[in-house]
Amino acid sequence: MAPLFGGLAFTLYPVCAAHTNDHAGPDNVVSVSGGLILANSVGAIIGPPLASTAMGLAGPEALFGFIAAGAGSATLYGLWRTRMRPPPPAEAQASFRPLPQTTPTVTPLDPLGPPRPELAAGD
């Protein structure tokens with residue numbers, strides 16, 4: 001059950017970021033991303049005390065009700081929001097570009113990776 005929960009819960013932020021960036025202009029991407037991170041941070045600050053209060057009042061099983069209420073609220077808001085604004089036209093969307101799974105800084109540190117002449121000793 002935990003992998004299913006994690007698979008669903010941890011996709012919420014990337015889906016919100018993708019939806020928001022679809023509607024943000026190129027000049028607003030940084031401010032929009034900052035707003036999403038701020039909203040995520042506020043939820044991370046407020047959520048645990050509210051969940052623990054609910055658990056104190058109704059017992060440990062209230063945690064699952066709290067999570068379900070939050071997920072249900074996010075789902076309803078997402079459905080309402082997608083109906084309020086049409087998707088951007090296809091010509092306004094960029095093509096998909098895959099990104100590396102890790103930071104490029106780690107790649108040169110991999111001892112099994114290809115040799116990098118620019119990192120050779122003695123240069």
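What's counted below: heavy atoms across the whole structure, side chains too, no hydrogens, waters or symmetry copies. Only a predicted model underlies this, so the values are computations on that prediction, with no experimental measurement involved.
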Any side-chain heavy-atom pair of Thr82 and His19 under 4.5 Å: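 They are in side-chain contact.
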On a heavy-atom basis, which atom in Leu36 and which in Cys16 lie closest, and how many Å separate them?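 Smallest interatomic distance, heavy atoms only, reads CD1-O, 4.3 Å.
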Derivation of the side-chain contact (heavy atoms from CB on, under 4.5 Å) call for Thr20 and Ser33: CA-CA 9 Å; Thr20 303; Ser33 295; over 6 Å; no
Quiz: residues 38-63 side-chain donor-acceptor pairs under 3.5 angstrom, not counting sequence neighbours:
unit_1	atom_1	unit_2	atom_2	d
Ser41	OG	Ile37	O	2.8
Ser52	OG	Pro48	O	3.2
Ser52	OG	Pro49	O	3.0
Thr53	OG1	Pro49	O	2.8

Near Phe64 CZ, under 6.0 Å, is it more than 12 heavy atoms from other residues, nucleotides or ligands?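 At most 12 heavy atoms, drawn from other residues, nucleotides or ligands, come within 6.0 Å of this atom.
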Which of parallel (below 30°), tilted (30 to 60°) and perpendicular (above 60°) describes Tyr77 and Trp80?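 Taking Trp80 first and then Tyr77, their aromatic rings sit tilted (interplane angle of 30° to 60°).
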